[in-house]
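Quick notes on the structure that follows.
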Amino acid sequence: MIGGGPGGLYFAYLWKKRHPEDQVDLFEQNPADATWGFGVVFSDQALEFLRADDPETVDAIAPHMESWQNITLNLHGDSVAIDGVGFSSIGRLELLKFLQQRAIDAGVTPRFDTQIDAIDQLNGHDLVVAADGLNSLVRRAYEGDFGTSLSYSSNKFVWYGTSKRFDTLSQTFVKTDRGAFNAHHYRYSPTMSTFLVECDHATWQAYGFAYKDVEQSKGVCEEVFADTLGGHCLVSNKSVWRNFPWVWNEHWSFKNIVLIGDALHSAHFSIGSGTRLAIEDAIALVKALESDAHLATALHRYQAARKPVLQKLVNAARTSAFWYEHFPEHMKLDLMDFAYSYITRSGRIDDARLRAMSPAFMARYEAAKNGGGAA
């Protein structure tokens with residue numbers, strides 16, 4: 001295993017637990033207690049998927065998670081709740097520590113603070129699983145063989161935390177004299193929340209963020225979202241402005257090397273599925289490897305079974321990201337039309353599904369439409 005994120009740790013744990021006679025070495029360039037970002041969020045659907053394959057793990061982490069059953073949208077000082085959209089979250093570092101301990105208990109040999117500079121350092125291993133993230137060394141070494149494509153969303157985003165506790169996963173949209181901002185925020189512990197700030201490139205330029213340091217950027221974001229933060233500060237952790245990278249690989253394995261998680265694909269943070277997809281990749285890879293003793297055939301089976309499922313999710317993520325790239329235009333809508341546009345943005349939810357999933361919201365939305373204005 002190269003990479004000690006959730007996907008890498010989970011595959012190492014799962015394989016070693018099911019095959020205790022195998023040697024599983026995990027290499028992670030960072031210390032065991034280091035991470036980027038703050039909280040990790042799972043939809044109820046994602047947790048049920050994991051529970052079907054590994055109820056023991058879900059039951060172990062569930063007591064440490066924050067949970068809620070709706071999304072709150074805030075626009076121009078008004079808000080609307082979209083019911084029936086359940087999520088749970090946990091601190092990223094807490095999740096990593098939990099998975100580290102499970103892997104160690106299963107007999108995995110983790111090697112933190114260990115940089116792999118060349119793939120030939122791993123000669124002698126039967127299988128190399130690359131879970132080393134968006135900037136994967138393994139993928140970049142063989143990107144022609146993997147058929148790698150890389151592009152970037154036009155929006156800028158920066159990831160913070162805050163001690164302000166939010167009741168639900170929330171989106172706050174703010175218009176200023178120099179542009180529009182959006183914050184994705186949700187609690188991941190009793191005392192901390194994730195607070196991701198996003199804006200289009202024109203707004204980013206208008207504020208001169210390219211010339212501001214981390215503290216100056218944080219100060220601007222605290223000012224823009226002062227009402228939302230309610231006197232609480234933002235917390236930085238490698239919090240620099242970025243463009244979201246779209247990573248895709250046509251071929252998922254090369255020789256005895258296979259990709260999972262962000263090394264293989266990226267899914268926009270607006271659908272909150274990065275960690276979920278990495279763990280699902282790990283489960284799919286374990287199943288494929290157990291289904292065929294011939295490595296090349298098993299790796300082909302992994303791609304054949306998983307790729308169609310993943311392609312649908314990545315396409316939905318791209319559609320969602322496109323909506324965010326134009327969110328200042330959507331902000332011109334009234335509150336209920338804006339909320340409807342938001343919840344249907346990925347193309348996976350139609351009116352019938354929305355009525356079944358979010359009856360209270362749809363009743364309010366349809367009443368507003370029939371009444372000719374916002375409710």
Side-chain angles (χ1 to χ4, degrees), residues 1-32 34-35 96 99-100 102-104 106-150 245 247-266 274-275 277-307 310:
M1 291 301 310
I2 305 181
L9 286 166
Y10 190 78
F11 177 86
Y13 149 72
L14 197 58
W15 188 264
K16 185 64 174 176
K17 178 186 176 185
R18 296 165 71 102
H19 304 272
E21 72 283 0
D22 287 358
Q23 178 180 336
V24 180
D25 298 318
L26 185 144
F27 302 91
E28 167 56 46
Q29 64 181 345
N30 294 312
T35 189
L96 287 176
L99 292 175
Q100 287 168 7
R102 277 182 108 63
I104 291 169
V108 175
T109 305
R111 301 177 185 178
F112 298 103
D113 276 317
T114 302
Q115 178 77 46
I116 300 297
D117 297 311
I119 308 304
D120 58 14
Q121 291 177 241
L122 302 171
N123 288 346
H125 288 83
D126 299 295
L127 177 66
V128 176
V129 181
D132 50 342
L134 290 168
N135 297 313
S136 169
L137 165 76
V138 178
R139 186 193 67 235
R140 286 185 285 119
Y142 300 107
E143 59 185 11
D145 298 291
F146 287 123
T148 304
S149 61
L150 173 64
V247 174
W248 183 255
N249 293 272
E250 281 302 312
H251 311 294
W252 293 16
S253 60
F254 174 63
K255 296 182 179 179
N256 68 330
I257 303 168
V258 63
L259 305 175
I260 69 170
D262 286 347
L264 173 62
H265 52 73
S266 58
T275 300
L277 294 180
I279 290 175
E280 290 179 0
D281 288 348
I283 293 171
L285 180 57
V286 167
K287 289 180 176 179
L289 291 169
E290 290 179 338
S291 70
D292 200 301
H294 189 264
L295 181 61
T297 306
L299 295 180
H300 175 76
R301 190 187 297 266
Y302 161 59
Q303 175 171 330
R306 179 82 176 130
K307 190 174 183 179
L310 192 60

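Between Tyr302 and Trp252, the distance separating the two ring centers is shorter than 6.0 angstrom.
Arg140 places a side-chain N or O within donor-acceptor distance of the main-chain N or O of Asn135, the cut-off being under 3.5 Å. A donor-acceptor contact shorter than 3.5 Å links the side chain of Ser266 to the backbone of Val247. Between the side chain of Asp132 and the backbone N or O of Leu137, at least one donor-acceptor pair lies under 3.5 Å. Judged by distance alone, with hydrogens and angles left aside, the side-chain atoms of Gln303 form no donor-acceptor pair with the main-chain N or O of Leu299 at under 3.5 Å. The main-chain N or O of Gly4 is found under 3.5 Å from a side-chain atom of Glu28 such that the two form a donor-acceptor pair.
Between Ile257 and Ile119, some side-chain heavy-atom pair lies under the 4.5 Å cut-off. Inter-residue side-chain proximity for Ser291 and Arg301 is flagged as met; some heavy-atom pair is nearer than 4.5 Å. For the pair Leu99/Tyr13, no side-chain contact is recorded, criterion being any heavy-atom separation below 4.5 Å from C-beta on. Counting heavy atoms from C-beta on, the side chains of Arg306 and Glu280 come closer than 4.5 Å. Counting only heavy atoms from C-beta outward, the side chains of Leu277 and Ile260 never approach each other to under 4.5 Å.
Screening Val129, Leu9, Thr114, Ile2 against Leu26 for a side-chain contact (heavy atoms from CB on, under 4.5 Å) leaves a single residue, Leu9. Tested against Tyr10 for a side-chain contact (heavy atoms from CB on, under 4.5 Å), the candidates Ile283, Thr275, Val286 yield a single pass: Ile283.
Aromatic ring pairs are classed by plane angle as parallel below 30°, tilted from 30° to 60° and perpendicular above 60°; the pair Phe254 and Tyr142 is tilted. Ring geometry, Phe27 versus His125: the interplanar angle exceeds 60°, so the pair is classed perpendicular (tilted spans 30 to 60°).
A salt bridge does not link Lys16 with Asp22: none of the charged nitrogens is closer than 4.0 Å to a carboxylate oxygen. Comment: Glu250 engages Lys307 in a salt bridge, judged by a side-chain N to carboxylate O separation of less than 4.0 angstrom. Of the charged side-chain nitrogens involved, at least one lies within less than 4.0 Å of a carboxylate oxygen, so that Arg18 and Glu290 count as a salt-bridged pair.
Annotation for Gly7 and Ala278: closest pair CA-CB, 3.9 Å, computed over non-hydrogen atoms. The minimum heavy-atom distance linking Leu295 with Asp126 is given by the pair CD2-O, 3.6 Å. Taking each heavy atom of Pro6 and Ile279 in turn, the nearest pair found is O-CG1, 4.4 Å. When all heavy atoms of Ala130 and Ala263 are compared, the pair lying nearest together is O-CB, 3.8 Å.
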Please walk me through it: do Leu310 and His265 pass side chain to side chain contact (heavy atoms under 4.5 Å, CB included)? CA-CA 9 Å; Leu310 192 60; His265 52 73; 3.0 Å; yes
Taking it one step at a time, do Leu259 and Arg139 satisfy side chain to side chain contact (heavy atoms under 4.5 Å, CB included)? CA-CA 8 Å; Leu259 305 175; Arg139 186 193 67 235; 4.1 Å; yes
Check against side chain to side chain contact (heavy atoms under 4.5 Å, CB included), Val24 and Thr109: CA-CA 6 Å; Val24 180; Thr109 305; over 6 Å; no
Worked verdict on His300 versus Asp292 for side chain to side chain donor-acceptor pair (under 3.5 Å): CA-CA 10 Å; His300 175 76; Asp292 200 301; over 6 Å; no
Give the C-alpha distance, both sets of side-chain angles, the deciding distance and a yes or no for side chain to side chain contact (heavy atoms under 4.5 Å, CB included) between Leu264 and Trp248. CA-CA 6 Å; Leu264 173 62; Trp248 183 255; 6.0 Å; no
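A distance of 8.0 Å separates NE2 of His19 from CG of Leu289, quoted to the nearest 0.5 Å. The CD atom of Gln100 sits 4.0 Å away from the CZ atom of Phe112 when rounded to the nearest 0.5 Å. Put simply, OG on Ser136 and CG on Asp262 are 10.0 Å apart, with the number rounded to the nearest 0.5 Å. One finds the CD1 atom of Ile116 at 5.0 Å from the CG atom of Leu122 (value rounded to the nearest 0.5 Å).
Shown here is Asn123, whose CG atom has more than 12 heavy atoms of other residues, nucleotides or ligands within 6.0 Å.
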